[in-house]
Amino acid sequence: MSAEKIKAPRGTFDVLGEQEARRASLETCAREILESAGYERIETPAFEATELFARGVGGSTDIVQKEMYTLTDGSGRSLTLRPEGTAPVCRAYVEHGMHKRPAPVKLWYLSSFFRYERAQAGRYRQFWQVGAEALGSDDPALDAESIALLAELLSQMGVSDVRLRISSLGTREARLRYRELLQGHLRSRQDELSDDVRGRIEMNPLRAFDSDHEGTRTVMQSAPRLLDHLDRGDLEHFAEVRSLLDLAGVAYDVDATLVRGLDYYTRTVFEFTSDALGAQSGVGGGGRYDGLVAELGGPATPGMGWAAGIERILLASESRPENEARLDLFIAVGDTTDRAARGLAFATVTAARAAGLTAQMELAGRSLKGQLGYANKLGARYVATMAAAECVLKDMRSGAEQTLASHAVVASVRDALGAGK
RNA sequence: GUGGGCGUAGCUCAGCUGGUAGAGCUCCUGGUUGUGGUCCAGGCGGUCGCCGGUUCGAAUCCGGUCGCUCACCCCA
């Protein structure tokens with residue numbers, strides 16, 4: 001008899017009530033900020049060819065190695081629920097020949113993404129990100145503008161205790177050279193390292209800078225620094241980005257140990273964190289990816305972008321009281337067994353909406369007292385109780401009542417509301 | 001994948017030195033209030049996550065299992 005309850009899968013959630021309202025206001029805020037800077041919204045498919053992420057995000061990353069929801073469709077194609085937004089946007093850029101549009105091509109999105117991870121505070125298997133990507137220019141001003149836009153979004157959303165860290169990874173070549181240098185340093189002193197750091201030397205040596213293991217920290221103090229191994233062009237680019245951020249009044253810390261988990265980053269990388277969050281303190285981050293479009297088969301095209309977690313922004317911002325929904329008119333029925341009165345109520349509520357009012361009627365067979373209470377809970381401004389051809393219209397704020405012909409209700413309420421403005 | 005905490009009504013929780021379940025809120029009904037907002041009364045609602053064990057008897061003790069959650073890891 002009692003079938004087993006089906007619950008939302010682990011790491012997923014339903015959005016309703018106040019949460020929905022907060023998300024809607026975040027979306028509005030993001031749209032205003034980004035579109036006023038020339039970003040155009042883009043929506044890409046929820047799933048893509050698996051190859052897109054394997055190649056774009058990088059085969060050695062955790063995301064590709066163990067976090068992708070990959071499925072085979074009926075025709076044997078391998079598809080993957082998008083784990084991130086940059087590769088799909090670049091795919092669309094190439095597919096639609098956007099390199100022929102005037103540069104930079106600026107695109108933004110607000111979509112859900114999927115990663116098979118253990119859920120915890122601020123981390124989900126289906127999560128939402130707002131992101132912005134700008135393609136076709138390597139001008140450092142683009143980097144600074146992009147970062148400043150995210151700073152503005154976080155500020156307007158009231159995210160507390162925000163900190164921005166930035167660094168530069170240099171070109172792909174410089175980065176690879178440095179990586180080998182660092183690996184050499186780690187290998188030469190590997191017995192001093194913690195087990196997990198030692199295990200990651202080949203995979204993710206940069207990660208060693210984050211360790212709080214004592215021996216590891218000692219080793220890292222003498223480790224080569226990425227910023228000391230950039231070419232002159234990269235250094236000049238980075239210096240210009242910083243100088244422009246200074247001009248824009250965006251505060252930041254340079255952090256040479258900043259690590260980003262995706263392979264496609266080059267030159268500028270950055271991350272916003274908030275202490276108001278739990279262990280998952282990153283609210284948003286991104287950087288430059290000058291090789292990604294070419295990697296995906298397009299013309300050599302520089303790019304710069306970021307993504308920020310919707311759930312994390314909301315988690316780190318004080319919840320504001322939402323402005324409650326407006327209800328102009330509630331239609332009650334004195335005698336719910338009176339078919340004629342119910343019909344009249346139905347016709348009236350329809351007419352009210354056609355006249356531009358927000359209106360609801362009793363739909364659950366409540367007693368009259370129950371209906372009034374319900375209308376009050378809905379925040380109705382006026383309640384009309386229908387009976388035969390006459391009805392009683394009550395102003396819920398003042399308590400004043402008047403009896404009038406049923407067909408005159410809508411016009412009467414509309415006039416009253418118009419006059420009240 | 002590995003740890004810690006927790007699983008009792010829709011929600012927040014009490015009950016846990018073993019005797020087959022309670023409160024508040026919500027919802028519905030009635031009374032009071034000029035037909036709502038106050039107050040009063042009543043009602044709906046739970047096989048105490050699931051399985052097994054100990055016991056005359058378990059929500060309460062033990063084992064297992066599933067789920068939620070936080071953290072590691074990783075990232076947004």
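Just so it is clear: chains get the letters A, B, ... in the order the sequence lines come, proteins before strands, and each one is counted from 1.
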Practice item. Applying side-chain hydrogen bond (donor to acceptor under 3.5 Å, both in side chains), name anything that partners A:S274, two or more places apart in sequence or on another chain. Key: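 Expected list: none.
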Practice item. Just jot down the side-chain hydrogen bond (donor to acceptor under 3.5 Å, both in side chains) partners of A:T403, sequence neighbours excluded, or say none. Key: none
**Study point:** First of A:R397 and A:F272 reached from the 5' end of RNA chain B, by closest nucleotide
**Key:**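 Taking each residue's closest nucleotide, the earlier one in sequence belongs to A:R397.
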Give me the distances for all protein-to-nucleotides 6-9 of chain B N/O pairs that come in under 3.5 Å?
none

Can I get a per-line list of side-chain donor-acceptor pairs under 3.5 Å for residues 283-295 of chain A, giving both atom names and the distance, sequence neighbours left out?
| residue | atom | partner | partner atom | Å |
| --- | --- | --- | --- | --- |
| A:R288 | NE | A:D143 | OD1 | 3.1 |
| A:R288 | NE | A:D143 | OD2 | 2.9 |
| A:R288 | NH1 | A:S137 | O | 3.1 |
| A:R288 | NH1 | A:D290 | OD1 | 2.9 |
| A:R288 | NH2 | A:S137 | O | 3.3 |
| A:R288 | NH2 | A:D143 | OD1 | 2.5 |
| A:Y289 | OH | A:E133 | OE1 | 2.5 |
| A:D290 | OD1 | A:G303 | N | 3.3 |

Point to revise | Counterpart residues, ring-ring contact (aromatic ring centres under 6.0 Å, His included), relative to A:F113 (two or more places apart) | key: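 Only A:Y109 meet the ring-ring contact (aromatic ring centres under 6.0 Å, His included) criterion with A:F113.
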Review point. Under 3.5 Å, is there a donor-acceptor pair linking the side chains of A:E192 and A:T216?
Key: no
Point to revise | Between A:Y178 and A:Q183, a side-chain donor and acceptor under 3.5 Å | key: no
Between the protein and nucleotides 65-67 of chain B, are there any N/O to N/O pairs under 3.5 Å, and if so, what are the atom names and distances?
| residue | atom | partner | partner atom | Å |
| --- | --- | --- | --- | --- |
| B:G67 | O2' | A:K7 | NZ | 3.0 |

Could you give all pairs that pass the side-chain hydrogen bond (donor to acceptor under 3.5 Å, both in side chains) test and reach [range], with sequence neighbours left out?
range: residues 358-367 of chain A; answer: A:D328-A:T358, A:E362-A:R366
range: residues 45-54 of chain A; answer: A:E48-A:R91, A:T50-A:S78, A:T50-A:T80, A:E51-A:R55
range: residues 372-385 of chain A; answer: A:R381-A:D395

With rounding to whole Å, what would you report as the distance between [N] and [M] at their [atom1] atoms?
N: B:U29; M: B:C16; atom1: P; answer: 37 Å
N: B:C70; M: B:U55; atom1: C1'; answer: 37 Å
N: B:C27; M: B:C44; atom1: C1'; answer: 8 Å
N: B:U54; M: B:A71; atom1: C1'; answer: 35 Å

Review point. What are the residues of residues 113-125 of chain A, sorted by number, that bring a heavy atom to within less than 4.0 Å of RNA chain B?
Key: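 Contacts with RNA chain B under 4.0 Å: A:R115, A:E117, A:R118, A:Q120, A:A121, A:G122, A:R123, A:Y124.
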Distances for protein N/O vs nucleotides 27-30 of chain B N/O pairs under 3.5 angstrom?
| residue | atom | partner | partner atom | Å |
| --- | --- | --- | --- | --- |
| B:C27 | OP1 | A:K377 | NZ | 2.1 |
| B:C27 | OP2 | A:K377 | NZ | 3.3 |
| B:C28 | OP1 | A:R366 | NH1 | 2.6 |
| B:U29 | OP1 | A:S367 | N | 2.5 |
| B:U29 | OP1 | A:S367 | OG | 3.2 |
| B:G30 | OP2 | A:S367 | OG | 3.1 |

Below 3.5 Å, can you tabulate the donor-acceptor pairs from side chains in residues 114-121 of chain A to any protein atom, sequence neighbours excluded?
| residue | atom | partner | partner atom | Å |
| --- | --- | --- | --- | --- |
| A:R115 | NH1 | A:P83 | O | 2.6 |
| A:Q120 | OE1 | A:R123 | NH2 | 3.4 |

